[in-house]
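Everything on this sheet refers to the single structure shown next.
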Amino acid sequence: MKKKPRSIVIVGGGTAGWMAANSLLTSWGDKVNITLVESEDIGIIGVGEGSTPYLKQYFTSLGIAESEWMPACDATYKAGISFPDWSTQAGYESYFHPFFSELDLKPAELFFHNSGLRRRGKEVDALPDHYFVSSQLIALNRSPVPKITLPFDVDYGYHFDSAKLGRFLKARALKLGLTHVIGHVESVETSISGHITSVNIGSQPSRSADFFIDCSGFAGLLVNKTLGLTFNSYKESLFNDAAVAMPTPLDLGGEIPAQTVSRALTNGWSWKIPLTSRWGNGYVFSSDFISPDNAETELRAQLGLLDADIEARHLKMRIGRLNEHWHKNCLAVGLSQGFIEPLEATALMLIQFTIERFISSFDDESKSIESTQIAYNKDLNRTFDGVRDYVVAHYKLNTRTDSRYWQACREDAITPDSLANLIATWDSGGDFEKALKQQQDNLVYLRPSWYCIFSGMGRFPSNTIKDPQSVPALKAKEYCYKIANEYFLNHKAQLDKVYLR
Ligand SMILES: Cc1cc2nc3c(=O)[nH]c(=O)nc-3n(C[C@H](O)[C@H](O)[C@H](O)COP(=O)(O)OP(=O)(O)OC[C@H]3O[C@@H](n4cnc5c(N)ncnc54)[C@H](O)[C@@H]3O)c2cc1C
């Protein structure tokens, strides 16, 4: 029989620590005592400004309205991610990966149909941008929040200032009764059975608890340094291990696009994220192929800031995951448990999943703790690997020839089996629907996302013939345009509405 922990110490006050604290306090209330210890000497990673639609559910589960948290975090809406320069195929040099909803059902079916024809060498337009409402929202500078109540949810994500999000969540956790300790954990005590018993914080009293959550970032203080848990690196499939970040001012008076732009550069890719207060920019790259200095220069050149004295921040990234996220009385959440580079902005989603799945593990008290942990870790690993597969697909499908890096990403990076199977089926003109169904237990990304990435990169035979069965993309595009135009407000106007509420 397992029992919920009655006292928990969280080590780390980055986004992971504060998200975990809020979820636990909301779900378990005064049945649990939570202490969060964070070091003043080690800052937070301070990047992580884009989300998937899953974050919307996080705030809903905490009962926090957009009008409460968005203004506090300079947040904007996000309808999807645009991927320019990953492919050199004519007509497919840039594509948009949309967040989709039931509004897309009709045009998306045309997209799947036309993608299938195009795979078989028929001359039809299969660029995803022409078949999803989100793409038209971007073209029209609209927000992804519908003006009227629809009989279904419309998915969208957010952009936000991660330091401000941390502060917002911290204030809420303190109100809910969390004990906050500023101090550096210098050592960790364990019992003979290998359970953690307490953390020692310099000259302050040590903190003991039933349960410990490692939110110490890449340091992995509890899970790596203390428990020595195995880290499963993704380095053979994903080469990027560093980033350089540089905020820039927002052009006042200009529109705020509801999208992240992830542009391929010579040895990685850059992000451009709009907040209401500034742009977040950065370059994610592989230090095996370009030095941090050269990456910074390339990013500055791209931003037109070669001579500007805006400071750049350099970061290292550890890509991969633990094999056990929950071990004995310790759970790893956030960068300590693993990280898949930020191309699809999935880290907060994984944090949320980790903590929600942990909380719901205690719903059925009759299951043993051992079997619960085994099922939990299996589920988490499957989820991390599923996200990895989709991220690896971007690199495998690239067609750039301008650097050794892009060639190595295409040819030398190890392709996980489930992805290799999807690529082989797509390329051979085989039954892609069946391949997706066969692998549905391993996939995190759904059918539209897989069609978008293959079609968006122009992964098609080069010879084409005309086909009378094709549905002109224009019809789908007009349909999406009409919906975007009728049902959605200008992004800035929508933000004003939420910020002034
Ligand atoms: C380049 C880059 C871009 C990213 N972009 C995105 C994105 O767009 N979307 C997304 O969802 N995620 C993104 N992420 C990931 C995201 O930033 C993190 O997942 C998120 O911020 C959570 O970090 P964390 O809380 O685990 O770690 P951190 O922010 O590093 O926090 C670690 C905490 O542990 C504390 N600590 C460490 N050692 C000790 C000690 N000995 N004693 C006490 N305290 C200690 C530190 O003081 C700090 O409070 C990105 C990451 C990188 C590197």
Side-chain angles (χ1 to χ4, degrees), residues 9-21 35-55 58 78 81 157-167 169-170 180-188 199-202 204 207 212-226 240-246 260-262 268-273 275 280-285 295 299 312-319 321 332-355 387 391:
V9 166
I10 299 175
V11 177
T15 317
W18 292 116
M19 280 180 79
T35 302
L36 185 145
V37 189
E38 68 174 314
S39 169
E40 254 186 345
D41 311 334
I42 307 173
I44 59 166
I45 190 110
V47 277
E49 302 179 332
S51 85
T52 69
Y54 205 47
L55 192 67
Y58 179 73
K78 175 175 171 185
I81 309 178
Y158 305 97
H159 304 114
F160 45 85
D161 180 313
S162 71
K164 290 189 176 175
L165 177 63
R167 286 202 284 277
L169 292 172
K170 172 179 167 181
H180 185 211
V181 177
I182 303 266
H184 191 81
V185 174
E186 281 165 7
S187 60
V188 180
V199 293
N200 300 319
I201 313 163
Q204 303 187 49
R207 298 279 168 168
F212 292 80
I213 302 190
D214 188 341
C215 294
S216 65
F218 286 130
L221 185 71
L222 307 183
V223 283
N224 295 126
K225 296 195 178 137
T226 307
N240 294 344
D241 59 0
V244 50
M246 245 175 99
T260 299
V261 177
S262 297
W269 57 276
S270 65
W271 76 80
K272 189 166 178 70
I273 286 183
L275 307 185
N281 311 286
Y283 184 0
V284 175
F285 58 92
L299 178 65
R313 276 185 61 215
H314 284 268
L315 305 152
K316 291 295 285 175
M317 308 186 303
R318 182 182 64 154
I319 304 299
R321 60 156 172 82
V333 183
L335 298 174
S336 63
Q337 78 183 123
F339 182 51
I340 301 155
E341 62 142 285
L343 189 54
E344 287 283 344
T346 46
L348 263 57
M349 175 179 90
L350 291 168
I351 290 173
Q352 212 181 316
F353 182 71
T354 303
I355 195 75
V387 172
V391 171

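Indexing begins at 1, ligand by ligand and atom by atom, following the structure's order. When a residue number appears, it is its place in the shown sequence, counting from 1. Quick caveat: nothing in here was measured; it's all calculated off a predicted structure.
With a 4.0 Å heavy-atom cut-off, ligand 1 is reached by the side chain of F339 but not by its N, CA, C or O. Under 4.0 Å from ligand 1, not a single heavy atom of V284 appears. Here C215 has backbone heavy atoms under 4.0 Å from ligand 1, and that is the only part of it that gets that close. At a heavy-atom distance under 4.0 Å, atoms from both the backbone and the side chain of A16 approach ligand 1. Residue E186 does not touch ligand 1, judged by heavy-atom distances below 4.0 Å.
Atom 37 (C) of ligand 1 has as its closest protein heavy atom S216 O, 3.5 Å. The protein heavy-atom contact nearest to atom 35 (C) of ligand 1 is G12 CA, 3.6 Å. Scanning all protein heavy atoms for the shortest distance to atom 6 (C) of ligand 1 gives G48 CA, 3.1 Å. Closest protein heavy atom to atom 19 (O) of ligand 1: A347 CB, 3.4 Å. Of the protein's non-hydrogen atoms, G50 O, 3.5 Å is the one closest to atom 10 (C) of ligand 1. Nearest protein neighbour of atom 29 (O) of ligand 1, counting heavy atoms only, is I45 N, 2.9 Å. Among all protein heavy atoms, the one lying closest to atom 45 (C) of ligand 1 is S39 CB, 3.7 Å. At the shortest separation from atom 27 (O) of ligand 1 among protein heavy atoms lies G217 CA, 3.5 Å.
The distance criterion of under 3.5 Å between nitrogen or oxygen atoms is not met by S336 with respect to ligand 1. Taking only nitrogen or oxygen atoms, main chain and side chain alike, I44 does not reach within less than 3.5 Å of ligand 1. Between L315 and ligand 1, no pair of N/O atoms sits closer than 3.5 Å. Close N/O approach between P342 and ligand 1 is not found [any backbone or side-chain N/O within under 3.5 Å].
Close approach of ligand 1 to G334 is summarised as follows: ligand atoms under 4.0 Å from at least one heavy atom of the residue are 26 (O). Shown in contact with I42 at under 4.0 Å from a heavy atom are these atoms of ligand 1, numbered in order with element: 37 (C), 38 (N), 39 (C), 46 (C), 47 (O). Taking a cut-off of under 4.0 Å to the non-hydrogen atoms of G13, the atoms of ligand 1 that pass are 33 (C), 48 (C), 49 (O). Which parts of ligand 1 touch A243 is read off a 4.0 Å heavy-atom cut-off, strictly below it: atoms 1 (C). Close approach of ligand 1 to W271 (heavy-atom distance below 4.0 Å) involves ligand atoms 1 (C). Counting atoms of ligand 1 from 1 in the listed order, those under 4.0 Å from a heavy atom of L221 are 41 (N). Which parts of ligand 1 touch E49 is read off a 4.0 Å heavy-atom cut-off, strictly below it: atoms 7 (C), 8 (O).
Closest approach of T354 to A332, counting heavy atoms only: CG2-O, 3.7 Å. For the pair V284 and M317, the tightest heavy-atom approach, listed with the atom from each and the gap, is CG1-CE, 3.6 Å.
The residue from L335, L343, T15 that puts a heavy atom closest to atom 26 (O) of ligand 1 is L335. Between atom 41 (N) of ligand 1 and the options I201, V185, V199, the minimum heavy-atom separation is to V185. When the options L55, V11, V47 are ranked by their closest heavy atom to atom 52 (C) of ligand 1, first place goes to V47.
Panel note: side chain R318, backbone S336; a donor-acceptor pair is recorded below 3.5 Å. Side-chain N or O atoms of K78 include one that pairs as donor or acceptor with a backbone N or O of S51 at under 3.5 Å. Although no hydrogens or angles enter the test, the distance criterion places a donor-acceptor pair under 3.5 Å between the side chain of Q204 and the main chain of I182.
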Verdict with supporting geometry, T226 and F212, side-chain contact (heavy atoms from CB on, under 4.5 Å): CA-CA 12 Å; T226 307; F212 292 80; over 6 Å; no
Chi angles and distances behind the side-chain contact (heavy atoms from CB on, under 4.5 Å) call for F339, I319: CA-CA 5 Å; F339 182 51; I319 304 299; 3.9 Å; yes
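Separation of atoms CD1 (I44) and OG (S39) is listed at 12.5 Å; rounding is to 0.5 Å. The line from CG of L221 to SG of C215 is 11.5 Å long, rounded to the nearest 0.5 Å. To the nearest 0.5 angstrom, L55 atom CG is 7.0 Å from L165 atom CG.
A 4.5 Å side-chain heavy-atom check between Y283 and M246 finds every atom pair outside the cut-off. Proximity of W271 to I81: side-chain heavy atoms (C-beta onward) are nowhere separated by under 4.5 Å. Side-chain atoms of I45 and T15, non-hydrogen and from C-beta on, never get closer than 4.5 Å to each other. Within the 4.5 Å cutoff, side-chain heavy atoms of M19 are placed close to those of Y58.
Residue contact check for ligand 1: G183 places a non-hydrogen atom closer than 4.0 Å to it.
Partners of H184 by ring-ring contact (aromatic ring centres under 6.0 Å, His included), not counting sequence neighbours: none found.
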Only distances under 3.5 Å count here; give the side-chain donor-acceptor pairs of residues 340-352 to other protein atoms, sequence neighbours excluded, each with its distance to 0.1 Å.
from: E341; atom 1: OE1; to: W269; atom 2: NE1; distance (Å): 2.8
from: E341; atom 1: OE1; to: Y395; atom 2: OH; distance (Å): 3.1
from: E341; atom 1: OE2; to: N240; atom 2: ND2; distance (Å): 2.9
from: E341; atom 1: OE2; to: Y395; atom 2: OH; distance (Å): 2.7
from: E344; atom 1: OE1; to: H97; atom 2: ND1; distance (Å): 3.1
from: E344; atom 1: OE2; to: H97; atom 2: ND1; distance (Å): 3.2
from: E344; atom 1: OE2; to: H394; atom 2: NE2; distance (Å): 2.9
from: Q352; atom 1: NE2; to: Y54; atom 2: O; distance (Å): 2.9
from: Q352; atom 1: NE2; to: E356; atom 2: OE2; distance (Å): 3.4

